[in-house]
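The structure appears below as structure tokens.
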Amino acid sequence: MTDTLESLNGPKAAKRLNIAFILANAFGIVLYLRLASLGWRIPEEHGMVPVTGEPFVWANALPVLGLFVLADITWGGLLLRHRDWRGRPLWVVTVLMWLLAIVLDFSHH
């Protein structure tokens, strides 16, 4: 008997866990971008104001990013440990969405 997430909890439980992680990450991305946007430079003030709201980004948005990085590392570890091949593409898409959110954030500084 193989030690897979599906054999231990059934395929529905594995699918529900993956969906829960995806929904949590979608919420986290929106929250991160909302908090990070507080420190974005206003385009009309470009060149007039030498400092952006970087401290706000680090104080507000960085803990959200850190929390979800840890959660996604845990999720990826569970997928590897239990050999859940169907969940891996979802994990990769989630990581790519986070990278896109970070690029979007840094493009506004």
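These numbers come from the heavy atoms of this one structure, side chains and all, not from hydrogens, waters or symmetry mates.
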Heavy atoms of other groups near Arg34 CZ, more than 12 under 6.0 Å: no
Would you say Leu99 ends up clustered with Phe21 if hydrophobic residues are merged whenever their side chains have heavy atoms under 4.5 Å apart, either directly or through other cluster members? yes
Restricting to non-hydrogen atoms, name the atom on Ala36 and the atom on Ala61 that form the minimum distance, rounded to 0.1 Å. N-CB, 3.9 Å
So do the side chains of Leu65 and Leu62 get within less than 4.5 Å of each other, counting heavy atoms only? yes
How close do Gly87 and Leu79 get, heavy atom to heavy atom, and via which atoms? O-CD1, 3.5 Å
If hydrophobic clusters are built from ILVMFWY residues whose side chains come within less than 4.5 Å, do Leu96 and Leu23 share one? no
Nearest-0.5 Å distance, CG of residue Leu104 to CG of residue Leu33: 5.5 Å
Using only heavy-atom distances, determine whether the side chains of Asp72 and Trp91 contain a donor-acceptor pair under 3.5 Å. no
Look up atom CD1 in Ile22 and atom OG1 in Thr94, then write down how far apart they are to the nearest 0.5 Å. 5.0 Å
With a 4.5 Å cut-off on side-chain heavy-atom distances among I, L, V, M, F, W and Y, is there a chain of contacts connecting Ile19 to Phe68? no
Group every Ile, Leu, Val, Met, Phe, Trp and Tyr by side-chain heavy-atom contacts under 4.5 Å, then state whether Ile73 and Ile102 land in the same group. yes
Under a 4.5 Å cut-off applied to non-hydrogen side-chain atoms, are Asn25 and Trp98 in contact? yes
Do Asn18 and Trp75 have a side chain donor and acceptor closer than 3.5 Å? yes
So, taking the atom named OH in Tyr32 and the one named CZ in Phe27, what distance separates them when rounded to the nearest 0.5 Å? 15.5 Å
What about Phe106 and Val64, same hydrophobic cluster or not, with Ile/Leu/Val/Met/Phe/Trp/Tyr joined at side-chain heavy-atom distances under 4.5 Å? yes
Nearest heavy-atom approach of Arg88 to Arg83 is NH2-CA, 4.2 Å
